[in-house]
Amino acid sequence: MKLLGESKALGAAAGGRKVLAAVRALPELARRHVSRKPLTPKEIDASLVTASWRRPVFANPELPKGAVDRDAYAVCVLEGLFRALQVRDVFATPSLRWADPRAHLLDGKAWEAISEDVLASLSLTDPVAAHLDAKLLALDAAWRQMAGRLEEAGDDVLVRVVTPPDGHARLSVEKLGALGESPSLKWLRAACQSMLPRIDLPELLLEVHSWTGFLDSYVHLAEVSTRMHDLPRSLVALLISEACNVGLTPVIKDGDEALTRGRLSHVDQNYVRAETHAAANATLIEAQRRVPIVALWGSGLLASVDGLRFVVPVQTINAAPSPKYFGYKRGLTLLNAVNDQVMGIGQMVVPGTPRDSLYILDTLINIDAGPQPEVVTTDQASDSDMVFGIFSMLGSRFAPRFADLGDQRFWRTELPDGTAPVYGPLEAIARNKINRQKIHTQWSDMTRVAGSLVTNQVRAYDLLRMFVRNGRPTPLGQAFAEYGRIDKTLHLLSILDPIDDTYRRKLNKQLTVQESRHRLARKICHGGNGQIRKAYREGQEDQLAALGLVVNAVALWNSKYLSAAVDQLRAQGVPVKDSDAARLSPLGHAHLNVLGRYSISSSAPAEGLRQLGEIPDLRGFSDGGGAEEERA
């Protein structure tokens, strides 16, 4: 306590000055404790004593009446310090992780120099009044469209406004039924699966390298221009050892220069690091976008973010408990972003299982390659009005999946001309009003925050923790929340469209893609019971970056062979529909072997692809009009 109170490394913003002053007074209170003189309420800062601490601090029956319990007060102050550190009202200097995020926001001349270009790129150049008028008119149009479609749908509508006995109106929303699968789709999936060549994971990586040269992204730490002989095989061995979580022993081969322990150790220390992983991943993402069939899966403008959980059985500060996911152990979460072309475009490693909303923005602002997603979906645990607001300021739509659609709060406001619109059957749920004044008051700081985020001056995680303030948002946080309620209501109205369910199905499909990718990652990361045994954050990040890279390589290999299989079927007269090809997945892995000792060599042909398997019997295939009759 003495060292903490005398530390010069702690600083405080306005909201943390009282706490920091009390912390610095603790050593003096401890010295006075030796004299056994009772401590009085006038000698402490009573405003820091929360309701839960009042009795232990002021009413200890073992002390004289009116005396303060020093120990209870000290723990109360330290608890306040912990809360202040979480929201950065107290911060450490110098520090990367615990510094004051306000100090990193663009301001003054630095902001003036780039503000015009940054705000133009974010479409935030209009005055705040005109900008909000346009947003609120779009919200009004969405309300009117929803009301009109409810009436148009009639009795078969899947969404209804109901009023329970308590009189609190809510929406009743029926679940979407599963899309059926046509006989032609079932046949196409089975045909493509039988046509895919069987392959070991190391061979797959070397073959993908022969197409893309992605392993050339691993450059020497000292920027040495010459590259050692057979370096790709050494890199593949290291990627296998990390991604499969098996260590070096299964990939070492004495007598093979590229696979000796010394060579692998040298390559690991000098070539494999976060920036080379990211560069290699960017190469894979761009290569996959050029595969013809990928255009049927999506444009890359929709992404999902979800966490893959790993138990960490070793002592480390970069893991946290969660009985739901880790039992009695501690663990970490690999938060990864996947686009609708089924490629991982970015990831972060975070301790435990925190709310994803605190990290989603950082994950997406720093993607490895591909277009910046315009729509980002995730599960409900990430829902936050403030996150909606920041996403909207950055030009994207936050689109989480809600488990309780009927119980969500919907927002409205007066029109720019001051009139109050009427939304017919939706009036009962359109009862919460957006506070425009809070947005007006904070607009200049809101744009400065958006500019600081998009130029990577500050982490979104730190800002969100600071804005939320443990459930007591700052004025700037409240402004972002009010702004986010516009986009949140637009998102909800799009999901609840009673006639067109395309938007809702698109989001559900993307989250299903993410779950399939996690299953593939679990198959690959099979060693050590799927547990991460690296103790340091950098080692954990490097290992899981290797796993993400290998999963992307598998998705690229599958994409290319699925495209070739569809082309071959069409060349032989099978009428494969684009709608069926669009529902194929490059995340299948029945043909992929990841087990055993690994032979790091390639048997791929010098040119072109491997020989596809035989086309299965066409009996049972139907394209709706009868493929057999057409071929006959």
Side-chain angles (χ1 to χ4, degrees), residues 153 156-159 173-197 288-289 291-302 304 338-343 375 377 401 494-495 497-520 554-592 612-632:
D156 296 330
V157 67
L158 299 178
V159 180
V173 185
E174 294 185 21
K175 291 184 178 181
L176 288 177
L179 287 176
E181 294 186 353
S182 65
S184 61
L185 173 59
K186 293 179 180 179
W187 183 90
L188 179 62
R189 282 180 175 157
C192 288
Q193 184 59 54
S194 68
M195 294 173 71
L196 290 180
Q288 201 249 7
R289 287 174 58 81
V291 178
I293 197 173
V294 170
L296 299 176
W297 298 336
S299 60
L301 299 179
L302 169 64
S304 57
V338 180
N339 65 16
D340 55 3
Q341 295 179 332
V342 203
M343 290 293 277
V375 180
T377 185
R401 177 171 58 183
S494 297
I495 286 179
D497 192 308
I499 293 178
D500 186 2
D501 61 8
T502 303
Y503 180 74
R504 189 173 168 191
R505 289 191 182 277
K506 180 170 66 173
L507 301 184
N508 288 347
K509 175 187 175 184
Q510 182 60 27
L511 289 170
T512 301
V513 166
Q514 182 109 39
E515 292 168 0
S516 298
R517 182 179 173 88
H518 286 177
R519 284 194 293 271
L520 174 57
V554 173
L556 169 57
W557 190 94
N558 285 345
S559 299
K560 196 149 186 172
Y561 276 92
L562 284 173
S563 189
V566 169
D567 289 344
Q568 182 170 317
L569 289 171
R570 286 172 170 166
Q572 297 187 16
V574 179
V576 177
K577 301 177 185 177
D578 281 351
S579 59
D580 288 341
R583 295 180 67 180
L584 295 175
S585 171
L587 298 174
H589 45 76
H591 57 287
L592 177 65
L612 293 172
E614 295 293 330
I615 298 176
D617 191 347
L618 291 178
R619 284 177 295 179
F621 170 74
S622 171
D623 62 350
E628 295 88 343
E629 290 80 2
E630 182 174 323
R631 286 170 61 84

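This one's a predicted model, so the numbers in the text were calculated from it and none came from an experiment.
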Can you list the residues that meet the side-chain contact (heavy atoms from CB on, under 4.5 Å) rule with [X], with sequence neighbours excluded?
X	result
L301	S299, P371, E374
E515	R401, R519
D567	S563

Spacing of [atom1] belonging to [X] relative to [atom2] belonging to [Y], to within rounding of 0.5 Å:
X	Y	atom1	atom2	answer
M195	Q193	CE	CD	11.5 Å
L612	L196	CG	CG	7.5 Å
S559	L587	OG	CG	8.0 Å
Q514	D340	CD	CG	12.0 Å
I293	Y561	CD1	OH	15.0 Å
M343	N339	CE	CG	8.0 Å

Compare every heavy atom of S184 with every heavy atom of D580, then report the nearest pair and how far apart it is. OD2-OG, 2.7 Å
Taking every non-hydrogen atom, the tightest pair across W557 and P197: CH2-O, 3.6 Å
Identified side-chain contact (heavy atoms from CB on, under 4.5 Å) counterpart of N508 within the set K506, R505, R504: R504
S304 and V513: CA distance, side-chain angles, deciding distance, side chain to side chain contact (heavy atoms under 4.5 Å, CB included) verdict: CA-CA 9 Å; S304 57; V513 166; 5.9 Å; no
Between R517 and A555, is there a donor-acceptor pair closer than 3.5 Å when you use the side chain of the first and the backbone of the second? no
Can you tell if the side chain of V574 reaches within under 4.5 Å of the side chain of L188, non-hydrogen atoms only? no
Side-chain contact test, heavy atoms from C-beta onward, threshold under 4.5 Å: evaluate it for V342 versus W297 and give yes or no. yes
Do the charged groups of R570 and D578 touch, with an N to O distance under 4.0 Å? yes
If the test is side chain to side chain donor-acceptor pair (under 3.5 Å), which one of H591, Q288, H589 qualifies with N558? H591
Exercise: do Q510 and T377 side chains pair donor with acceptor under 3.5 Å: no
